[in-house]
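Accompanying notes for the structure given below.
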Amino acid sequence: MLKLNGNYLKMPGSYLFAEVARRAAAFSGAHPGADVIKLGIGDVTLPLPRACVDALKRAADEMGSKDTFMGYGPYEGYDFLREAIVEHDYAPYGAKIGADELFISDGAKGDCGNIGDIFSQDCVVAVCDPVYPVYVDANAMSGRAGDFADGRWDNIVYMPCTSDNGFFPALPERVPDLIYLCFPNNPTGMAATREQLRPWVDYANEHGSVILYDAAYRAYMTDPSLPRSIYEIPGAENCAIEFGSFSKTAGFTGTRCGWTVIPRALRRGGESLYDMWMRHQSTKYNGTSYVIQRAAEAVYSPEGQAQVAEMIGYYMENARVIRQGLSAAGLETYGGSDSPYIWFRAPEGQDSWSFFDRLLSEAQVVTTPGSGFGPSGEGFIRVTAFGDAARTREAVERIKSIL
Ligand SMILES: *Cc1c(COP(=O)(O)O)cnc(C)c1O
C-alpha cells in the first residue's frame with residue numbers, strides 16, 4: 001500500500017489568506033455593489049520598473065538569435081547578477097560577502113523552506129511569533145515541527161514578539177539548531193538594530209546554531225543606521241545564511257528572482273554549508289532563467305535604481321498615511337517606517353478576527369488578522385502599504401470614521 005508523507009497530513013487545514021478571501025467574498029456576495037478596499041495580502045501593485053522591462057526584452061531577443069542564445073546557466077546564477085548584488089547590496093554596507101558566496105534563486109520563499117534539506121530532520125527550529133508562515137510550514141513538512149494542537153506545533157520554539165519586548169525576540173532557553181529571523185519583519189513591520197542583532201550572532205556562534213536571516217524587505221529601510229544585512233554584524237559569516245529577494249524591492253513577485261548567501265566560512269560538523277547547498281541546487285534546480293537574471297541586473301542600473309527608489313517611495317508614502325491616520329485615530333500602531341507593513345492593536349481588547357470582521361462590514365476594508373501569524377499575533381491586525389495611494393487614503397478615512 002502506498003504511503004503518503006504523513007507530515008503533510010498533520011498540517012492544519014485552513015490557510016490564513018484563503019480564510020481572509022472567503023470572508024471578503026462572502027461579504028461582497030451579501031452586499032453587491034459594496035466598494036471593498038483590500039489592504040490585506042502582501043503583494044505589490046505597481047508595474048515593473050521600465051529598466052527591467054527593457055532588459056527583459058533585450059534578453060528575449062538574445063535568446064532568439066543563434067550567436068547570443070543561452071542554454072543551461074550556472075547553478076549558482078550568472079556572474080553579472082551575483083557581482084551586481086554584491087557591489088550594491090553588500091559592499092557599500094561593509095558586509096564582506098563575495099559574489100562566490102551567492103546563489104541566485106527564483107525567489108526567497110522557496111529557498112527559506114528548501115534550505116532545511118541540508119539539515120537533519122532532528123534539528124530544533126525557532127521562529128519569531130508572529131511569523132511568516134512559510135518557515136513553520138516548510139519545517140512541519142520535513143517532520144521537524146512535531147504535532148499541531150491549539151494553534152501551535154509542539155516541537156517548534158516560538159519566540160514571542162510583543163509590544164513588551166519591542167517586537168524583537170529574547171534569546172530562547174531551549175537552544176535551537178536553526179533560528180529564523182526576518183527584519184524588517186513581516187508581519188509586525190519592525191526593523192532590527194545592530195545592537196539587537198549582535199547578541200543573536202554571538203549566541204549562534206557560541207551554540208553552533210545557524211541563523212536563517214530573511215532580508216526580503218531590506219529596501220524599505222529608511223533609517224540609515226539600521227543594518228541592511230546580517231553580515232554587517234561581526235561573526236555572522238560563521239553562523240548565518242541570508243535570503244534576499246527582488247519581489248518587494250522591484251516588483252518581481254510575478255517575475256521571480258532572489259538570492260541566498262552562504263558564506264564560505266560557514267561550516268558545521270566540519271562540512272561547508274556552501275558546498276552542501278551547491279549539491280542541493282545542482283541536483284534539484286537548474287537555475288533562474290537568463291532573461292529574468294538580466295531583468296534583475298537592471299535593478300542596479302542608474303535608471304533602475306531611480307525607478308526602484310520612486311516605487312518604494314510611493315509605497316512608503318502609503319505606509320506613512322496609514323501609520324499617521326491610525327495613530328491619530330487613537331490606535332496603538334507599530335511598523336510602517338522601515339517596512340511596508342503596519343501592525344496595530346485592535347481597540348478595546350477585541351480579538352483579531354472580530355476586529356477584522358468589523359473593519360470588513362463597517363468600513364469595507366480587508367485586512368489580515370494578526371492571530372493568523374501565530375499565537376502572539378492575537379489582538380493585532382496587519383495592513384499593507386502596497387495598494388493604490390488614493391484607495392489607501394480612502395481606507396484610512398473609513399477606518400477612522402468607524403472608531
Ligand atoms: C514576500 C516575502 C518574501 C519574498 O518571497 P519571494 O519568493 O522572493 O517572492 C520572503 N520573505 C518574506 C517574509 C516575505 O514576506
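For ligands, and for the atoms within them, numbers begin at 1 and follow the listed sequence.
At least one N or O atom of Asn186, backbone or side chain, sits closer than 3.5 Å to an N or O atom of ligand 1. For the pair Tyr135 and ligand 1, the shortest N or O to N or O distance does not fall below 3.5 Å. Not a single N or O atom of Tyr341, backbone or side chain, sits closer than 3.5 Å to an N or O atom of ligand 1. In terms of polar-atom proximity, defined here as any N/O pair under 3.5 Å, Ala108 does make such a contact with ligand 1. Residue-to-ligand polar distances place Tyr217 within reach of ligand 1: an N/O pair is separated by less than 3.5 Å.
Take Glu101 and apply the salt bridge (charged side-chain N to carboxylate O under 4.0 Å, His left out) test, not counting sequence neighbours, and it matches no residue.
Taking CD1 from Ile37 and CZ from Arg398, the interatomic distance works out to 3.5 Å, rounded to the nearest 0.5 Å.
Which parts of ligand 1 touch Lys109 is read off a 4.0 Å heavy-atom cut-off, strictly below it: atoms 5 (O), 6 (P), 7 (O). Distances below 4.0 Å separate heavy atoms of Lys248 from the following atoms of ligand 1: 1 (C), 2 (C), 3 (C), 4 (C), 14 (C), 15 (O). Atoms of ligand 1 found under 4.0 Å from any heavy atom of Cys182, numbered from 1 in the order shown, are 13 (C). Shown in contact with Ala216 at under 4.0 Å from a heavy atom are these atoms of ligand 1, numbered in order with element: 3 (C), 10 (C), 11 (N). Here is the list of ligand 1 atoms found below 4.0 Å of a heavy atom in Gly107: 7 (O), 8 (O).
When only modelled atom types and interatomic distance are considered, Ser352 and Glu378 share a side-chain donor-acceptor pair under 3.5 Å. A donor-acceptor pair shorter than 3.5 Å cannot be found between the side chains of Tyr78 and Glu76. Using a 3.5 Å distance cut-off with no hydrogens or angles, the side chains of Thr260 and Glu242 do not pair a donor with an acceptor. Ser163 and Arg345 are linked by a side-chain donor-acceptor pair at a separation below 3.5 angstrom, with hydrogens and angles left out of the test. A donor atom on one side chain and an acceptor atom on the other are found under 3.5 Å apart for Asp351 and Ser354.
Ring centroid separation for the pair Tyr334 and Phe167 comes in under the 6.0 Å cut-off.
Considering only non-hydrogen protein atoms, atom 7 (O) of ligand 1 sits nearest to Arg256 NH2, 2.6 Å. With respect to atom 9 (O) of ligand 1, the closest heavy atom belonging to the protein is Ser247 OG, 2.5 Å. In this structure, atom 12 (C) of ligand 1 lies nearest to the protein heavy atom Asp214 OD2, 3.4 Å.
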Name every donor-acceptor pair, under 3.5 Å, that has one atom in a side chain of residues 181-191 and the other anywhere in the protein, sequence neighbours excluded.
residue	atom	partner	partner atom	Å
Asn185	OD1	Thr188	N	3.1
Asn185	OD1	Thr188	OG1	3.2
Asn185	ND2	Cys182	O	3.0
Asn186	OD1	Arg382	NH1	2.7
Thr188	OG1	Met190	N	3.3

Practice problem: In sequence, state the C-alpha distance, the side-chain angles, and the governing distance for Asp275 and Arg279, and then conclude on salt bridge (Lys or Arg N to Asp or Glu O under 4.0 Å). | Solution: CA-CA 6 Å; Asp275 290 347; Arg279 190 67 208 263; over 6 Å; no
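For Gly258, the heavy-atom gap to ligand 1 stays at 4.0 angstrom or more. Heavy atoms of Thr253 stay at 4.0 angstrom or farther from ligand 1.
For atom 8 (O) of ligand 1, the nearest non-hydrogen atom from the set Cys112, Ser245, Pro340, Gly244 comes from Ser245.
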